[in-house]
Trainee: 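Take this structure, written in structure tokens, and hold onto it; I'll ask about it next.
When a ligand or atom number is given, it counts from 1 through the structure's own listing order. On a predicted model such as this, the values are computed, not experimentally measured, just so you know.
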Amino acid sequence: MRSRTIRTVIVLATISLIGIIVTQIFWITSVQETQEAQINLQKTQIDIQEKEFNDRVSIALTNVAEEILTINNDPADLYEAVKQIRSNYFVVSINDTLHPYLLEAMLKREFKRRNIDENFEYGIYDCFTDSIVYGNYVAVNTDTTGAIAPPQIKWDKDGHYFGIFFPNRESYSIAIPKTSIGGWVFSSLIIFIILIFYAYSIYVILQQKKLSEIKTDFINNMTHELKTPISTISLSSEVLLKPGVENDPERIKQFAQIIFDENARLKSQVERVLQLAKLEKGTINLKRGEIDIHKIIRTSIENSQHAVKEKDGIIQSNLLATKFIIDGDEVHITNIIYNLIDNASKYSPDSPKISVTTADDKNGISITVSDNGVGISKDALKHVFDKFFRVPTGNVHDVKGFGLGLYYVKVMVEAHSGKITVNSEPGKGSSFKVWLPHK
Ligand code: ADP
């Protein structure tokens, strides 16, 4: 994917995500507002119903009180005879004793007349004994649940009175829709999942982009690396094909040697790419056996000597390990040591001073390859062992490579259950230390 396309995708995805979050927040607030409005409306409706009920009960009870006074021939004032003590409890003062059956019959009739379809309990209070003398539960509405013990509330009043309790009245509560809290949690969870998914997608896209850039770099590098020997071989063979060359054996030998060397270079480069292909497959078959690390180091130094001397440099060895025979794959261990020495020489532009040291280290051997080259910055150090990684060289030095050498070294060292570490200071040099176990 091109950078512009990726940027467009990221911008569009971010806008859509912000859109979703804003819509969600608006939706949740508006749902909440609607719910609050509904609750308020419900409350008002209940208040009205409550008041209406209370009024009807008061009227019915006043009528009952009036009737009782008439029966008892009592001329008493009915002013404020009916009092509401609680939302579901009324008391009516009557200045006389009263027959409960009569009261019950009157209450039933009055309530029926006023459409008070509620179960109730009544109790008659006797001021002489200071107790409720009679009480009964009257089920008018059979749909509702059974009796609840009436509150034995005593009214602070002298004289007789009776109380009416509506046990089912208190169930008027306002139900808050459960979805409000659940909705919040659910929508927040969804947004959270979308956010994680979004972040992950962006991460994957950027990783893919980086990988594709790295691969393009690799192909460019490889083409460049292969082109040089190919054109040298082509030029040399042209010279050899020219008429009259057969008379100059020295020249033939010289160009044949060039072709041979360049072909060897081509072979080693192809070999390195093939090594990578093998690593990619994930199957590393080590041909293990007893190998002499010191011998391998000496051979590698010999092979690199020519390139180092050309740059006016030297390679020293300090082979101090006493146990230098280990169990490993000779080809890969040789490649590891050779790659490290080769890098030390490649990245030391002026008269390289390379040293290869060995030492006994825990249950293995440590091999340190140090140089006085360009060194590696702290940032780059974190990535030197990454596949295709190359330090951006700028104009400091112009060394071609694939960025595979150290990756290969690390994979192979670890395949031998070993470890590799690096110390480096830009401008001063680098030191790569490989530790390999004896067994
Ligand atoms: P290549 O040498 O093909 O570029 P490597 O994997 O061997 O790939 O090295 C990765 C990078 O690490 C190199 O491009 C180079 O910048 C840096 N590097 C490796 N060895 C050294 C060294 N001895 N001194 C300085 N830089 C080094």
Side-chain angles (χ1 to χ4, degrees), residues 210-211 213-229 265-280 297 300-301 303-305 307-308 311 313-317 332-357 366-415 420-434:
K210 203 170 139 199
L211 202 72
E213 278 169 6
I214 287 171
K215 285 205 167 156
T216 315
D217 273 2
F218 168 69
I219 291 168
N220 288 343
N221 264 336
M222 193 175 68
T223 320
H224 188 92
E225 288 273 286
L226 298 181
K227 244 166 83 184
T228 321
R265 216 168 109 186
L266 258 181
K267 202 179 146 206
S268 91
Q269 275 156 0
V270 171
E271 197 56 45
R272 275 154 74 189
V273 179
L274 287 179
Q275 275 175 4
L276 173 80
K278 270 188 204 157
L279 295 187
E280 290 289 275
I297 291 174
S300 300
I301 290 177
N303 290 342
S304 316
Q305 205 66 267
V308 176
K311 284 185 174 179
I314 46 158
I315 309 184
Q316 294 169 335
S317 60
H332 289 304
I333 298 289
T334 308
N335 284 340
I336 289 171
I337 293 169
Y338 181 78
N339 275 352
L340 292 179
I341 297 177
D342 190 40
N343 273 354
S345 153
K346 266 180 7 186
Y347 299 107
S348 304
D350 313 310
S351 41
K353 277 199 186 86
I354 302 165
S355 72
V356 186
T357 315
S366 71
I367 309 150
T368 311
V369 180
S370 309
D371 63 61
N372 61 339
V374 292
I376 308 165
S377 71
K378 248 190 176 173
D379 277 350
L381 262 187
K382 288 183 219 151
H383 303 286
V384 283
F385 297 110
D386 290 356
K387 200 187 334 177
F388 301 128
F389 178 82
R390 304 202 71 219
V391 175
T393 49
N395 296 324
V396 184
H397 63 282
D398 186 26
V399 187
K400 291 291 159 211
F402 300 145
L404 292 175
L406 289 181
Y407 169 68
Y408 167 82
V409 167
K410 188 171 182 352
V411 173
M412 280 309 160
V413 166
E414 284 172 1
I420 180 161
T421 49
V422 55
N423 271 313
S424 186
E425 222 178 293
K428 292 210 169 152
S430 316
S431 169
F432 288 82
K433 184 176 176 184
V434 172

Trainee: With heavy-atom distances below 4.0 Å as the criterion, list the atoms of ligand 1 near L404.
Mentor: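 Those of ligand 1 that fall under 4.0 Å from L404 are 6 (O), 8 (O).
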
Trainee: So does K210 have more than 12 non-hydrogen atoms from other groups sitting under 6.0 Å from NZ?
Mentor: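 Counting neighbours around NZ of K210, 12 or fewer heavy atoms of other residues, nucleotides or ligands fall under 6.0 Å, so no.
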
Trainee: Do the side chains of S370 and T357 get nearer than 4.5 Å, heavy atoms only?
Mentor: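 Counting from C-beta outward, T357 and S370 never come under 4.5 Å.
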
Trainee: Using a 4.0 Å cutoff against the non-hydrogen atoms of G405, which atoms of ligand 1 qualify?
Mentor: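 This gives 5 (P), 6 (O), 7 (O), 8 (O) as the contact atoms.
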
Trainee: Are a donor atom and an acceptor atom from the side chains of N335 and Y408 found within less than 3.5 Å of each other?
Mentor: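 Y408 and N335 do have a side-chain donor-acceptor pair below 3.5 Å.
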
Trainee: Identify, with sequence neighbours excluded, every residue that meets salt bridge (charged side-chain N to carboxylate O under 4.0 Å, His left out) alongside K267.
Mentor: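 Testing K267 for salt bridge (charged side-chain N to carboxylate O under 4.0 Å, His left out), a comparison that skips the adjacent residues, returns none.
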
Trainee: Does any N or O of ligand 1 fall below 3.5 Å from an N or O anywhere on V374, backbone included?
Mentor: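 The answer is no, given that V374 and ligand 1 share no N or O pair closer than 3.5 Å.
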
Trainee: Quick one: does K346 get an N or O within less than 3.5 Å of an N or O on ligand 1?
Mentor: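 Among all N and O atoms of K346, at least one is under 3.5 Å from an N or O of ligand 1.
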
Trainee: Report the part of L406 in contact with ligand 1, treating N, CA, C, O as backbone and CB onward as side chain, heavy atoms under 4.0 Å; options are side chain, backbone, both, neither.
Mentor: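 The answer is both, backbone and side chain.
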
Trainee: With the threshold set at under 4.0 angstrom, would you say S430 reaches ligand 1 through any of its heavy atoms?
Mentor: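 The answer is yes: ligand 1 sits under 4.0 Å from a heavy atom of S430.
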
Trainee: Give the C-alpha distance, both sets of side-chain angles, the deciding distance and a yes or no for side chain to side chain donor-acceptor pair (under 3.5 Å) between N303 and Y338.
Mentor: CA-CA 8 Å; N303 290 342; Y338 181 78; over 6 Å; no

Trainee: Examine ligand 1 and decide if any of its atoms is less than 4.0 Å from a heavy atom belonging to F432.
Mentor: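 Flag set, F432 near ligand 1.
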
Trainee: Mind running side chain to side chain contact (heavy atoms under 4.5 Å, CB included) on D342 and S304 for me, showing each step along the way?
Mentor: CA-CA 7 Å; D342 190 40; S304 316; 5.6 Å; no

Trainee: Suppose I only count heavy atoms of G403 and a 4.0 Å limit; which atoms of ligand 1 are within that range?
Mentor: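 Near G403, meaning under 4.0 Å from one of its heavy atoms, ligand 1 has 1 (P), 3 (O), 4 (O), 6 (O), 8 (O).
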
Trainee: State the atoms of ligand 1, each with its element, that fall below the 4.0 Å cut-off from a heavy-atom position in V391.
Mentor: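 Answer, ordered by atom number: 14 (O), 16 (O), 17 (C).
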
Trainee: Taking only residues at least two apart or on different chains, which pairs with a member in residues 373-383 satisfy side chain to side chain donor-acceptor pair (under 3.5 Å)?
Mentor: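 Residue pairs with at least one partner in residues 373-383: H383-D386.
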
Trainee: With a 4.5 Å heavy-atom cut-off, do L266 and L226 have their side chains touching?
Mentor: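 In contact.
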
Trainee: If you measure from each non-hydrogen atom of L340 to ligand 1, which part falls under 4.0 Å: side chain, backbone, both or neither?
Mentor: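 Neither part.
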
Trainee: Tell me whether F389 has any N or O atom under 3.5 angstrom from an N or O of ligand 1.
Mentor: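 By distance alone, the answer is no.
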
Trainee: For V384, counting its heavy atoms only, list the atoms of ligand 1 lying under 4.0 Å from any of them.
Mentor: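 It comes down to these atoms of ligand 1: 12 (O).
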
